[in-house]
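Below: the structure, in structure tokens.
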Number of protein chains: 2
Amino acid sequence: MQYQEAKDKFISTWGSLGSLWGINKAMAQIQALLFISTKPLSMEDIMEELKISRGNTSMNLRQLMDWGIVTKVLVSGERKEFFTTEKDVQELARTVAKERSRREIKPVIKVLEDVSSIKDDGSEKTKELIKQTKALKDITHDLDTLMNRLVNQKQNWLTKSVLKLMK
Amino acid sequence: MQYQEAKDKFISTWGSLGSLWGINKAMAQIQALLFISTKPLSMEDIMEELKISRGNTSMNLRQLMDWGIVTKVLVSGERKEFFTTEKDVQELARTVAKERSRREIKPVIKVLEDVSSIKDDGSEKTKELIKQTKALKDITHDLDTLMNRLVNQKQNWLTKSVLKLMK
DNA sequence: ATAAACTTTCAATAATTATTGAAAGTTTAA
DNA sequence: TTAAACTTTCAATAATTATTGAAAGTTTAT
């Protein structure tokens, strides 16, 4: 496999994986492209490489900036804007985990809390609803906490954690 | 909030959360309904509660069975089939983690492995592609391993793990 | 064997989500 | 200023994904 083929494969795979971390295809592909680029890219560069429209590029770059994953960089002597992504995977993981937690997990925990705290009228079905949503709330909360904690350990967190947990 | 309102809220929230664990709305709602039901439900019951068609119910129940989350149960004296879901959240988490790993994460790791092992032609862009996809492969692999290990600890795994990792 | 009870399949359709492109908006240089 | 260079917005459209419903398939009881 040559450079170009490998690059295309990476970008398209990472793009379709977007759903796994909660973003759309174009967004994931732009991030992938920037991630393997040796220098910041302009909107023009991105449009051309990914064969997507200006509007699409603009909107998805904005979302990536909202996530805190992509930043504008000023290239001296150039009028247009250039973009670059966080290059450190650990930092990237930290940001993604934090954003997903804030955008999706916390709101769900809130709903589960509300639902599981309805008044117990003594009926079997109410007891079951309370019991099960409470269990779901607990595990969701625990996983969220754990994930964020893991991802925030600055040094070698993962290796150390895995080793500790190995049988 | 009364029982019915809480139940509806739970089912619709859990349904829209489906994307977070990689399944569609109807599938997640069926699972949610079964999860808080005190007894197994028939296809008819599910169709009626969720206001979805027979075909939709049938297909999504099948997918849930493929995931290993829902099972058919035979109710004596009844001709039709009844369904129930795994009621233990820990076991549910274990199954979901395992399936997502198998269906989505492992295939991605394979692609990242292929891409990161292209021949280094000495150019800067090739070096960057190799370096970055390798870093992504490593963290994806580590997170996958860790997630599965956590979720497979039978007893109190989460609490213990979190405590160990606390500063 | 057959017919009633039930489930599955799948082409058609609906609903949702992503993308385009051109007009409107903004910034910069002269 | 003003006009060129560039970016954003958003209504229209396309692409994707989910859902329906009726015909085909299967199982069970007699």
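Labels below follow one simple rule: chain letters A, B, ... track the order of the sequence lines, proteins then strands, and each chain is numbered from 1.
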Original post:
dT8(C) P sits how many Å from D66(B) CG, rounded?
Top reply: 11 Å
Subject >> Along DNA chain C (nearest heavy atom to each residue), the more 5'-positioned of E44(B) and G55(A) >> reply: E44(B)
**OP:** Look at the side chain of S53(B) and decide which nucleotide, out of dT19(C), dG21(D), dT9(C), has an atom nearest to it.
**Re:** dG21(D)
Original post:
From dT19(C), dT9(D), dC10(C), pick the nucleotide closest to the side chain of N60(A)?
Top reply: dT19(C)
Original post:
Rounded to the Å, how far apart are M59(B) CE and dC10(C) P?
Top reply: 8 Å
**OP:** Look at R102(B) together with E99(B) and state whether they make a salt bridge at an N to O cut-off of under 4.0 Å.
**Re:** yes
Original post:
Which is true for N24(B) with a 4.0 Å heavy-atom rule: it touches a base, it touches only sugar-phosphate, or it touches nothing?
Top reply: sugar-phosphate
Original post:
Given atom CD of E78(A) and atom P of dT7(D), what is their separation to the nearest angstrom?
Top reply: 10 Å
Subject >> Lys/Arg N to Asp/Glu carboxylate O, R62(A) vs D66(A), below 4.0 Å >> reply: no
Original post:
E48(B) CD to dC6(C) P: how many Å, rounded?
Top reply: 14 Å
Subject >> Rounded distance (Å) that lies between atom P of dT7(D) and atom CD of Q63(A) >> reply: 18 Å
Original post:
Quick one: N56(A) CG to dT17(C) P, roughly how many Å, whole number?
Top reply: 16 Å
Original post:
Quick one: I52(A) CD1 to dA15(D) C1', roughly how many Å, whole number?
Top reply: 15 Å
Original post:
Who is the Watson-Crick or G-U wobble partner of dT17(D), with both distances under 3.5 Å?
Top reply: dA14(C)
Subject >> Proximal nucleotide (of dC6(C), dT19(D), dA4(D)) relative to the K80(B) side chain >> reply: dC6(C)
Subject >> Length of the line joining M43(B):CE and dA5(C):P, which is rounded to integer Å >> reply: 16 Å
**OP:** Considering only NZ, NE, NH1 and NH2 on the basic side and carboxylate oxygens on the acidic side, decide whether E86(A) and R94(A) come within less than 4.0 Å.
**Re:** no
**OP:** Scan every strand shown for a Watson-Crick or G-U wobble partner of dA23(C), both distances under 3.5 Å, and answer none if you come up empty.
**Re:** dT8(D)
**OP:** Using a heavy-atom cut-off of under 4.0 Å over every strand shown, decide if E81(B) touches base, sugar-phosphate, or nothing.
**Re:** sugar-phosphate
**OP:** Give a yes or no on whether a salt bridge exists between K125(A) and E128(A), defined as a side-chain N under 4.0 angstrom from a carboxylate O.
**Re:** no
Subject >> Listed nucleotide nearest any side-chain atom of R54(B), set dC6(C), dT9(C), dT8(C) >> reply: dT8(C)
Subject >> Closest nucleotide among dT9(C), dT27(D), dT7(C) to the R62(B) side chain >> reply: dT9(C)
Subject >> Residues T145(A) and D142(A): side-chain donor-acceptor under 3.5 angstrom >> reply: no
**OP:** For K25(A) and for F83(A), find the nucleotide of DNA chain D with the closest heavy atom, then tell me which residue's nucleotide is more 5'.
**Re:** F83(A)
